[in-house]
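Within every chain, numbering begins at 1; the chains are lettered A, B, ... in the order of the sequence lines, protein sequences first and strands thereafter. A quick note: this is a predicted structure, and the numbers were derived from the prediction, not measured. What you see below is based on every heavy atom in this structure, not just the backbone, and it leaves out hydrogens, waters and symmetry mates.
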2 protein chains.
Amino acid sequence: MSLPPAPTTDLDPAARALLLDAVHFDGQGLVACIAQQHDTGEVLMMAWMNRAALAETLATGRVTYWSRSRQALWRKGESSGQVQHLVDMRLDCDGDTLLALVDQTGVACHTGRRNCFFRALRGGELTEIAAPEVAPEALYGR
Amino acid sequence: MSLPPAPTTDLDPAARALLLDAVHFDGQGLVACIAQQHDTGEVLMMAWMNRAALAETLATGRVTYWSRSRQALWRKGESSGQVQHLVDMRLDCDGDTLLALVDQTGVACHTGRRNCFFRALRGGELTEIAAPEVAPEALYGR
C-alpha cells in the first residue's frame, strides 16, 4: 500500500515535545483522540492516549492508544492487522482533544465495520446502519 | 438558511429513549460527543453531554452539550449565535462516544475558527494552521 506523506513523523524529538507539552492530559493522564480517515473524512473511532502513547504515535507514525480496560499501550492493529498510519496530528483550542488524520488499513472497528459509529435511530428503532465488512473471527481468531 | 432533513428529531419520545438508554455515561454521567459537519466531513469539535443534554438535543434538533467548566447545559450558539442543527446522531460500538452530524451555522470554535483542531506541527514548530474567520469579540462581545 502506498502511504501519503506523514508530516508529523519525520520531526526531531524537540519538535514532537512541543506538541506533547501543549496537550492538557486529564486527571488520569489521558487525552481523547479522534481518528479520521485523511482523504474521505470518515470519522473512524475515538479512543484515549496517555503521553507515552502519543509520543510513540508521533515517533513511529503508527497510531498507538492507551487501553483503559487493559491498562496498557494499545498499538492499533497489533492483533488484527488493521493498523492506522498517521498522516497528521492536530490539537484543539483548549488542548484536551486530538484529531488524528490517519490512513486506516482495513476496518477500524473491532466488530469488523469500517467505523465504530454504526448505531442510529431509524424508523423508531435503534438500528445498525452499517454491516461488518470482515468477520471479527477473521480479525482476532476464535 | 435551508436545513437538511433531521431524521432524529421528529421521532417520538419512546424512540429517543432507545438511544438515550443505549449510551454508557461515564462515572460523571457524561458521554463524549464529536460534532462533524454533515456534508463536508469536517470535524468541528468534541464536547460532552449528560443525559439531559442529549435528550434536549434529540428533542429540539439543536445541539446542546454539558459544560464541565460551568456545570450547566450549554446550548451551542446561545451566546454566539453559532448554532448546530442536528442532522443525525450516531452511537459507537461500545456506547461511550457519540458522533453528531450537524449543520454548523458560522464557526464552531470560540476562537472564531471554523473548527477547533487548528494546531499542528509544521517545520519543527507547533503552528496555527487555520486563521479565525470571525473575531471572538464579534461573537461574544468584549
Side-chain angles (χ1 to χ4, degrees), chain A residues 7-12 14-23 32-34 36-37 39-48 58 68-69 88-101 108-113 115-130, chain B residues 7-12 14-23 32-34 36-37 39-48 58 68-69 88-101 108-113 115-130:
Chain A
T8 57
T9 58
D10 55 357
L11 295 163
D12 62 40
R16 298 197 298 266
L18 293 175
L19 179 54
L20 287 162
D21 290 345
V23 174
C33 180
I34 302 161
Q36 181 182 33
Q37 176 64 30
D39 47 2
T40 65
E42 181 179 9
V43 176
L44 299 169
M45 58 182 284
M46 196 277 272
W48 297 85
L58 295 174
R68 295 180 301 173
S69 57
D88 198 21
M89 184 65 82
R90 301 192 183 158
L91 182 63
D92 78 343
C93 49
D94 53 7
D96 66 2
T97 309
L98 293 162
L99 177 64
L101 301 183
C109 186
H110 75 288
T111 65
R113 293 171 176 86
N115 76 69
C116 295
F117 299 96
F118 58 83
R119 295 193 283 168
L121 293 173
R122 295 287 185 274
E125 300 292 338
L126 187 61
T127 303
E128 297 183 349
I129 61 172
Chain B
T8 58
T9 59
D10 55 358
L11 295 164
D12 62 42
R16 297 198 298 266
L18 292 175
L19 179 55
L20 286 162
D21 290 345
V23 174
C33 180
I34 302 161
Q36 181 181 32
Q37 175 65 29
D39 48 1
T40 66
E42 181 178 9
V43 176
L44 299 168
M45 58 182 285
M46 197 277 273
W48 297 86
L58 295 174
R68 295 179 300 172
S69 57
D88 198 20
M89 185 65 82
R90 301 191 183 158
L91 183 63
D92 78 343
C93 49
D94 53 7
D96 66 2
T97 309
L98 293 162
L99 177 64
L101 301 183
C109 185
H110 75 287
T111 66
R113 291 172 177 86
N115 76 68
C116 295
F117 300 97
F118 58 83
R119 295 193 284 168
L121 293 173
R122 295 287 185 275
E125 300 291 338
L126 188 61
T127 304
E128 297 183 349
I129 61 171

Report task. Measure distances from A:L91 to the heavy atoms of chain B and classify the residue's part below 4.5 Å as side chain, backbone, both or neither. Result -> both
Report task. Identify which part of A:T111 has an atom lying under 4.5 Å from any heavy atom of chain B, answering side chain, backbone, both or neither. Result ->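 Only the side chain of A:T111 comes within 4.5 Å of chain B.
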With rounding to the nearest 0.5 Å, note down the distance linking [atom1] in [X] to [atom2] in [Y].
{"X": "B:M45", "Y": "A:T97", "atom1": "CE", "atom2": "OG1", "result": "9.0 Å"}
{"X": "A:Q36", "Y": "B:Q36", "atom1": "CD", "atom2": "CD", "result": "6.0 Å"}
{"X": "B:L44", "Y": "A:L99", "atom1": "CG", "atom2": "CG", "result": "10.5 Å"}

Search all heavy atoms of [X] against all heavy atoms of [Y] and return the closest pair with its distance.
{"X": "B:F117", "Y": "A:L98", "result": "CE2-C, 4.1 Å"}
{"X": "A:L121", "Y": "B:A15", "result": "CD2-O, 3.4 Å"}
{"X": "A:G124", "Y": "B:L18", "result": "O-CD1, 3.4 Å"}

Query raised in the report: Looking at residues at least two apart in the chain, or sitting in another chain, which of them share a salt bridge (Lys or Arg N to Asp or Glu O under 4.0 Å) with A:D39?
Result: none
Query raised in the report: With A:R113, which residues qualify under salt bridge (Lys or Arg N to Asp or Glu O under 4.0 Å), at least two apart?
Result: A:E128
Query - Among the listed options B:E42, B:R119, B:E125, B:R90, the residue most often paired with chain A at heavy-atom distances under 4.5 Å - result: B:R119
Query - chain A contact via B:D94 - side chain, backbone, both or neither, heavy atoms under 4.5 Å - result: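 Contact with chain A is through the backbone of B:D94 alone.
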Query - Interface moiety of B:I34 toward chain A, non-hydrogen atoms closer than 4.5 Å - result: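 Contact with chain A is through the side chain of B:I34 alone.
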